[in-house]
Amino acid sequence: PGAGAEGPMAQDDSLATIRACASSGLCEGSWLVLRATFSTRLAQVLDAFEKEIGTFDGFASQKATLLKMLDEFEQPPFTLQRLAELLLEPRRQYGSTPKYMNGVLKLLSVSSYLEEPPMSAAAAPDDPMIE
């Protein structure tokens, strides 16, 4: 179970979504879907760090905390682009598990959200929630 459970095509789509967020800062689609994608990838990266680099006392607890923090965002955090970068290239700047986890913790310890991109004129008239 774990990283391969969702299949290679789904994993490729997930990585493409995260890559788009990392490169432009603009993430397409529902936040609920994006959040699940980011959460799955974060769990995979942390599992890889655990397996390949090693762990430390409190690893499981901190992993659970990070995943919970990500899940509690009702909207994308303004640090989403940087989080996407760390999910794509986790070892680019962090060679140890604790340092990587602390970096992610800082990105998830924010209270500001990304501003909503302006709606396209074509989508606005059909939305009954728009006043």
Side-chain angles (χ1 to χ4, degrees):
E6 61 180 1
M9 291 300 279
Q11 191 168 9
D12 287 347
D13 288 347
S14 295
L15 289 176
T17 299
I18 295 170
R19 197 170 290 114
C21 291
S23 67
S24 69
L26 301 175
C27 302
E28 299 278 329
S30 155
W31 169 237
L32 294 178
V33 173
L34 285 171
R35 186 174 64 194
T37 300
F38 274 65
S39 183
T40 298
R41 178 63 182 167
L42 179 57
Q44 291 169 345
V45 167
L46 293 175
D47 288 347
F49 264 98
E50 180 181 26
K51 181 179 178 183
E52 298 164 18
I53 295 179
T55 190
F56 57 93
D57 286 341
F59 171 83
S61 174
Q62 186 159 355
K63 176 182 174 183
T65 296
L66 293 175
L67 293 170
K68 182 177 184 235
M69 288 174 75
L70 179 57
D71 192 50
E72 289 175 347
F73 279 98
E74 295 176 12
Q75 297 175 39
F78 81 92
T79 55
L80 190 66
Q81 183 175 13
R82 181 65 182 133
L83 179 60
E85 293 168 355
L86 289 185
L87 293 176
L88 290 173
E89 297 182 272
R91 296 193 193 145
R92 185 174 186 179
Q93 291 184 324
Y94 298 102
S96 76
T97 307
K99 287 182 180 179
Y100 179 81
M101 292 178 91
N102 285 333
V104 172
L105 179 65
K106 286 181 183 179
L107 295 175
L108 296 178
S109 296
V110 298
S111 58
S112 298
Y113 299 113
L114 279 177
E115 289 189 24
E116 291 287 325
M119 285 192 304
S120 68
D126 297 322
D127 191 341
M129 298 303 288
I130 296 176
E131 298 179 46

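As a basis for the values below, the full set of heavy atoms in this structure was taken, side chains included, without hydrogen atoms, waters or symmetry mates.
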Q: Sort and list the pairs that fulfil disulfide (SG to SG under 2.5 Å) and have at least one residue in residues 31-86, not counting sequence neighbours.
A: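 The answer is none; no pair qualifies.
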Q: For residues 15-28, which side-chain N or O atoms pair as donor and acceptor with protein atoms under 3.5 Å away, sequence neighbours left out?
A:
unit_1 : atom_1 : unit_2 : atom_2 : d
T17    : OG1    : D13    : O      : 3.0
S23    : OG     : R19    : O      : 3.3
S23    : OG     : A20    : O      : 3.3
S24    : OG     : A20    : O      : 2.9
S24    : OG     : L26    : N      : 3.0
S24    : OG     : L26    : O      : 3.2

Q: Please, which pairs that meet disulfide (SG to SG under 2.5 Å) have at least one residue in residues 33-71, sequence neighbours excluded?
A: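 Pairs touching residues 33-71 that pass the test: none.
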Q: Residues two or more places apart in sequence or in another chain: which of them pass side-chain hydrogen bond (donor to acceptor under 3.5 Å, both in side chains) with E85?
A: R82
Q: Can you list everything that forms a side chain to side chain contact (heavy atoms under 4.5 Å, CB included) with V110? Sequence neighbours excluded, please.
A: F73, P77, F78, T79
Q: For a quick test of your reading: what N or O donor-acceptor pairs under 3.5 Å do the side chains of residues 99-107 make, sequence neighbours left out?
A:
unit_1 : atom_1 : unit_2 : atom_2 : d
Y100   : OH     : L86    : O      : 3.1
N102   : ND2    : P98    : O      : 3.3

Q: Closest approach of L34 and G29, non-hydrogen atoms and distance?
A: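 Between these two residues, the closest heavy atoms are CD1-O, 4.0 Å.
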Q: The criterion is salt bridge (charged side-chain N to carboxylate O under 4.0 Å, His left out); which residues satisfy it with E89, sequence neighbours excluded?
A: R92
Q: Sequence neighbours left out, cut at 3.5 Å: what donor-acceptor pairs do the side chains of residues 49-63 make with other protein atoms?
A:
unit_1 : atom_1 : unit_2 : atom_2 : d
E52    : OE1    : R91    : NH1    : 3.1
E52    : OE1    : R91    : NH2    : 2.4
K63    : NZ     : D47    : OD1    : 2.4

Q: With E72, which residues qualify under side-chain hydrogen bond (donor to acceptor under 3.5 Å, both in side chains), at least two apart?
A: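 By the side-chain hydrogen bond (donor to acceptor under 3.5 Å, both in side chains) rule, E72 matches K68.
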Q: According to salt bridge (charged side-chain N to carboxylate O under 4.0 Å, His left out), who are the partners of R35, at least two apart in sequence or on a separate chain?
A: D71
Q: Filter on disulfide (SG to SG under 2.5 Å), then keep only pairs touching residues 76-115, sequence neighbours left out; what's left?
A: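 For residues 76-115, and leaving out neighbouring residues, there are no disulfide (SG to SG under 2.5 Å) pairs at all.
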Q: From L42 CG over to T37 OG1, what is the distance, rounded to the nearest 0.5 angstrom?
A: 12.5 Å
